[in-house]
Every structure is written in structure tokens, then in C-alpha cells.
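Numbers restart at 1 for each chain; the letters A, B, ... are given by sequence-line order, proteins then strands. Computed from a predicted model, the values in this text were never measured in an experiment.
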Protein chains: 2
Amino acid sequence: MEERELKELLGRLRKKIDRRLEELLPERKEPGARVISAMRYSLFAGGKRLRPILFLLAAEAAGGPAEDLLTFACGLECLHTYSLIHDDLPAMDDDDLRRGRPTCHRAFDEATAILAGDGLQALAFECFTHPDLRARVPAERLVAAIHLVARAAGIHGMVVGQMADLLAEGRRISLEELQYIHRHKTAALIEASVVSGGLLAGAEESVLASLQTYGASLGLAFQIVDDLLDVTGNEEELGKPVGSDERRGKATYPALVGLSAAREKARDLVERALSALSPLGPPAEPLRALALFVLTRKN
Amino acid sequence: MEERELKELLGRLRKKIDRRLEELLPERKEPGARVISAMRYSLFAGGKRLRPILFLLAAEAAGGPAEDLLTFACGLECLHTYSLIHDDLPAMDDDDLRRGRPTCHRAFDEATAILAGDGLQALAFECFTHPDLRARVPAERLVAAIHLVARAAGIHGMVVGQMADLLAEGRRISLEELQYIHRHKTAALIEASVVSGGLLAGAEESVLASLQTYGASLGLAFQIVDDLLDVTGNEEELGKPVGSDERRGKATYPALVGLSAAREKARDLVERALSALSPLGPPAEPLRALALFVLTRKN
């Protein structure tokens, strides 16, 4: 699949996801509606929708009707957005800008941003159990997929990863510790997005194993490229200042092993992701193209 | 059921819940383990376990094998504990003490407390989909119950309720707005705990309707009694200073309608909760005793 074709596909999927998210989280008028506005502010801030797209492409690669699974995909984006809002908080990374706009706590206030993150995490699980999914997917598969995602978002993934990342700030850490951070903070949810797509599509064990290797490798590659962009990227394309990792003493792959070793590691991981997909044949073509695209992305 | 008998039952259930929570969240040794310690600090701070107990008693009242549902019950306590940790944060209610001990962000730090709350919310959904439940409960029921709870914890319950509560601080609000706050912030999760117990036990529609009225009424009564205790309670029994609501200009039932009207309202609500249970007969006896106990509690 050519890059142009992939970009068209990504655009189409992003539009579908955005439309469904809009239905799932409309503005409201009631005493507590401010938090809904804050959730919408961050949810509709122009995200790439990488996790829900990976989920949908994995479901299709596994032969499932991805169309039926859109609401689950939206829940994954809610989880990702919640984690960005909380990571940006003053007590955490204390970021003022995200995708070129004020972060949630800057546009609203800290309490509202904490609640917006909390609300998005709850909304994710509301999506995962939405009646429109219950009508189309066997409940056993839904429960298994939710379990996987809850672990990856929580204390077997994102949450312990962010904790370790904060504790690593300003310290010189080992490559092992850095890999723990990347694996938990970023790769776990990407991997869970891919695997849950296969799971909901009814994929058999061997296909799930392929998707798992793909997701885990791509997730790590994604984080390394992120770290590289913070060093070598273009502020305008990124929508945030470059060099912020170094300024705050963040442990990153390029800082630990150097730029060229980091680039090589990212390439190796994408290579690994691609070869994991070989048993899946043509239906996995978009997943392959996406892995290559992640490697060359500019933001 | 006499109060002594009820207290024994509550003690037994609390022990079971605590034991299971201990299994579900053991200490760990890894780079991000600090957040696990913080989660445990707040989860094992001597909570009453009201929500999981209500859930288990509702399941038994509906004729279900509550023993099989313990892990789901534990998830409800995780949700409640997460909400306490986040409510106590400096950006929210800024509380230093909870149950006579430093709040999570005082014992650890703000970032860790935010993550501990996030981790407990995720752990709740990990519990709700735990393999030991999947072996014992039809998956359709699990999915329906999770949906209900996710709504009550999120943007149809706790999260919008806490938002409205914060926005009401220092303002004179209407009784209508106060009821919105109570209904969402406190009653929604209590109601969802009761109804999901019935749901997982396979209760029919009419029983679920009884449980819903019971849970919603009891939840409101619980919040009014909470507000009353903040005015008339004993600091030592409460484990926190009294009069804090008034000091921070919190809208409360007693502040809005006076002490005696607030007491009467709580009694009326418990009355309503009790009469909703009449079709359920003897298996609902513990739920009845608990409703009366909530009215006379001292902490």
C-alpha cells in the first residue's frame, strides 16, 4: 500500500471515529456540564486517532467487520486522551501546550482537567460496554477485550509507566529502566488496542500472537520516534517546543544510546512488527503501511 | 434483623472484601511500584466498604450466589476509593486528613495521588472483567452491569456531580442544584452498586426496579446524613474535623433547609427505601437493616 493510499484510509477512519465520538460525547446543559466541555476540548483537539485506527485495522486484518466495532475504538481514544490530560497537569509534566493549543488545565483549570481525565476514563468503559456493541459482538469477547485494555491502561501499563517516568526525571537511568517506561507508558495501550481488535473480530490464537508482537514492537518504535522528534523535529509540525525532554531531564532513547543507535532501534522494531504480520497476508496490508509510516512521521 | 446481628454480618463481609482486595492489589517491586503503594495506602485505610456490601446484599436479596461476585464488589470499592483520593487533591477539596490519616497526596505527593486514583479506576474495570467472574457469571450480565457502573462513576454520575459541587462552592445555590449534586456525586454509584448486584444475580425487571428505588433513596439519605454529621458529629468518631463544609462555603442540605428539615428528609428517604423492598420479602432483610443503620450512623 502506497503512502498516499494509506493517508486516504487514515483520513476516512479518522472521520468516522470523530463522528462517532461526537455522538458519544455531545455538549450538555446542566450544573456539571463544564467538565463535559473540557473533555470535548481535549478529545477534539486534532489527535491522530492512532490507537482506534490500529484497533480497527487489526480487526479487519483478522477478518472481522470493523464497522461494527467503531464504539469500542472510540473508547480507546478516550483512554489515550485522558492520559494526555493528566500527564500535562502541573503536578506531572506541567505542560502548557499540546498540539499547539493550551493544555486542558490551562484552558480550563486544574480541578476541571483532573475531572475531565477521570470522566474520559469512565467514558471509555461506557463505550466498551455500549448497547450498540452488545448487539453485534459476543459478550464473552467484549469482557475479555475490556480486561486486556483495563490492565494496559492501569497498573500493568500506562499508570505504572507514567509513575516510573516521573521517578526517572533528572536521574541517569539504565536502558532496562527506560525500556520498562516505554513498554508500560506507551506500548502497552498500543499493543492492547491491536490485540483487542483481533479479539473482538474473533481471531484465533496464532493471529492474536502475531498481532501482539506487531503491537508491542510498533508501540516501542512509536515512543522512540517520539523521543527522536523531540530532539530533531520541527516545532511547527509538532505543535509543541522541541528539546523539552532534555530541558526537564527526561530519560529518552536518544539521550541514552545516541541518535543513530536510537534510529536503528526504531527501524529494527518496525522490521519486527512487519515480519510478525507475514502469516496474515493481504488483509494486514494497512497495518504494514502504518508501521512504516510511524517510522517516517514528522509529528 | 437486630443491629448487633447486622454489625456481625457487615464485619464478616468487610473481612471477605478486604481479603480479596489484598489478593487483587499486592505490593510489587518494579520501577513504577510507588503508585501501587499509594493505591494500597488509600484502599486499606479502614473504609466501611459500604458500596461492595450493598452490592453483595442486593445480589443475595435477588437470590444470587453473592460468594461468586466478590471480585465485582471489590471493583466498586476501587472506584469509590479513587474518587476520594481525587476529591482530596489540592486542586479540589484540598483535604489533609481522611479517616484520621494524612490524605494520599499528603502521605505521598500530588502526582502519585493523581496516578493512584487513575490506577484504582482502571483496576475497578480489571476487577469487573476478572477471569474468576467470567467463569461464574454470564458475560451478557457482566457487560450490562459494567455499563451501568461506568455511567454512574463517570459523566452521568460522580464526575459531573463533583464538578457541580466544586462550581457551587461559596455560592448560594438552589435546592434543585443541591439535589443534582447529591444525586450525581453520591447517590449514583450507590444506586449502581445495588442495581448491579441484582443484575448479576439475574433478578427480573420488577426486582431491579425495587432495588433501584432503594439504592437511589438510600444514596441520597446517606449524603444528607453525611452533611448532618459534618455539623453535629464528633471529630473523634468521624476521623476528620467537623464544620469543614461550612468553612469552605459548601452547599449542604442542613445549610439550605435547616437541621430538622434535613433530618426529616433523611428519614423520609430511608422510609422510601424500605417500602421499595417490601416485594422482596425476607432475603432483603439485611438491606432493610442497613438502611436503618445508615440513618443512625456516627461516622
Side-chain angles (χ1 to χ4, degrees), chain A residues 25 28 30-36 39 82-83 86 89-92 109-115 117-119 121-126 128-131 133-134 138-140 142-144 146-147 149-151 153-156 158-168 173 177 180-181 184, chain B residues 25 28 30-36 39 82-83 86 89-92 109-115 117-119 121-126 128-131 133-134 138-140 142-144 146-147 149-151 153-156 158-168 173 177 180-181 184:
Chain A
L25 188 64
R28 275 156 49 182
E30 57 183 77
R34 178 179 169 84
V35 67
I36 308 287
M39 291 163 72
Y82 122 66
S83 77
H86 281 191
L89 285 168
M92 304 268 219
D109 56 72
E110 222 179 306
T112 303
I114 294 169
L115 286 172
D118 293 346
Q121 178 163 201
L123 180 59
F125 291 95
E126 199 183 320
F128 298 152
T129 51
H130 196 280
L133 287 165
R134 283 138 76 184
E140 290 77 14
L142 274 180
V143 173
I146 297 168
H147 191 67
V149 172
R151 289 174 63 90
I155 60 171
H156 302 276
M158 250 163 42
V159 164
V160 286
Q162 171 68 1
M163 182 82 259
D165 197 17
L166 289 172
L167 293 170
I173 62 169
E177 201 172 332
Y180 172 98
I181 295 171
H184 288 82
Chain B
L25 188 64
R28 277 157 46 182
E30 56 182 77
R34 178 180 169 84
V35 68
I36 308 287
M39 290 163 73
Y82 121 66
S83 77
H86 281 191
L89 285 168
M92 304 268 219
D109 57 70
E110 222 178 306
T112 303
I114 295 169
L115 286 172
D118 292 345
Q121 178 162 204
L123 180 58
F125 291 95
E126 199 184 320
F128 298 151
T129 51
H130 196 280
L133 287 165
R134 283 139 74 184
E140 290 77 14
L142 275 179
V143 173
I146 297 167
H147 192 67
V149 171
R151 290 174 62 92
I155 60 171
H156 302 275
M158 252 162 44
V159 164
V160 286
Q162 172 68 2
M163 183 81 258
D165 197 16
L166 289 171
L167 292 171
I173 62 169
E177 200 173 333
Y180 172 98
I181 294 171
H184 287 83

Check: B:F125 vs A:F125 aromatic rings, parallel, tilted or perpendicular, using cut-offs 30° and 60°?
Finding: parallel

Next item on the list: For chain B, find which of A:L167, A:D118, A:V143, A:V160 contributes the most heavy-atom pairs closer than 4.5 angstrom.
Entry: A:D118

Note to self: Can you tell me which portion of A:I155 sits under 4.5 Å from chain B's heavy atoms? Options are side chain, backbone, both or neither.
What the structure shows: both

Check: Side chain, backbone, both or neither: which part of B:I146 has a heavy atom under 4.5 Å from chain A?
Finding: both

Checklist line | Closest non-hydrogen atom pair between B:I114 and A:A91, with its separation | finding: CD1-CB, 4.1 Å

Margin query: Let's test your reading of the structure: which of A:L133, A:L123, A:T112, A:V149 forms the most heavy-atom pairs below 4.5 Å with chain B?
Written below: A:T112

Next item on the list: Please report the shortest heavy-atom distance between A:G154 and B:A122, naming the atom on each side.
Entry: CA-CB, 3.4 Å

Next item on the list: Answer yes or no: is there a side-chain heavy-atom contact under 4.5 Å between B:E126 and A:H147?
Entry: yes

Check: Most heavy-atom pairs under 4.5 angstrom with chain B, which of A:M158, A:R134, A:M163?
Finding: A:M163

Checklist line | Atom group of A:A144 that falls short of 4.5 Å from chain B, counting heavy atoms | finding: both

Item checked: Contacting moiety of A:L115, where chain B heavy atoms sit under 4.5 Å -> both

Item checked: Nearest non-hydrogen partners of A:A111 and B:M92, listed with the distance -> CB-SD, 3.9 Å

Next item on the list: Using non-hydrogen atoms and a 4.5 Å limit, figure out which bit of B:M39 sits close to chain A: side chain, backbone, both or neither.
Entry: side chain

Note to self: Taking side chain as everything from C-beta outward and backbone as N, CA, C, O, which of these in A:L89 sits under 4.5 Å from a heavy atom of chain B? Side chain, backbone, both or neither.
What the structure shows: side chain

Notebook entry, point to check: Checking heavy atoms, do the side chain of B:Y82, its backbone, both or neither come under 4.5 Å from chain A?
Noted result: side chain

Check: Who among A:H86, A:H184, A:E110 has the most heavy-atom pairs with chain B under 4.5 Å?
Finding: A:H86

Item checked: Top contributor to chain A interface from B:E30, B:Q162, B:H130 [non-hydrogen pairs under 4.5 Å] -> B:E30

Checklist line | Contact origin within B:R151 toward chain A - heavy atom pairs under 4.5 Å | finding: both

Note to self: Please classify the contact between A:L25 and chain B as side chain, backbone, both or neither, with a heavy-atom cut-off of under 4.5 Å.
What the structure shows: side chain

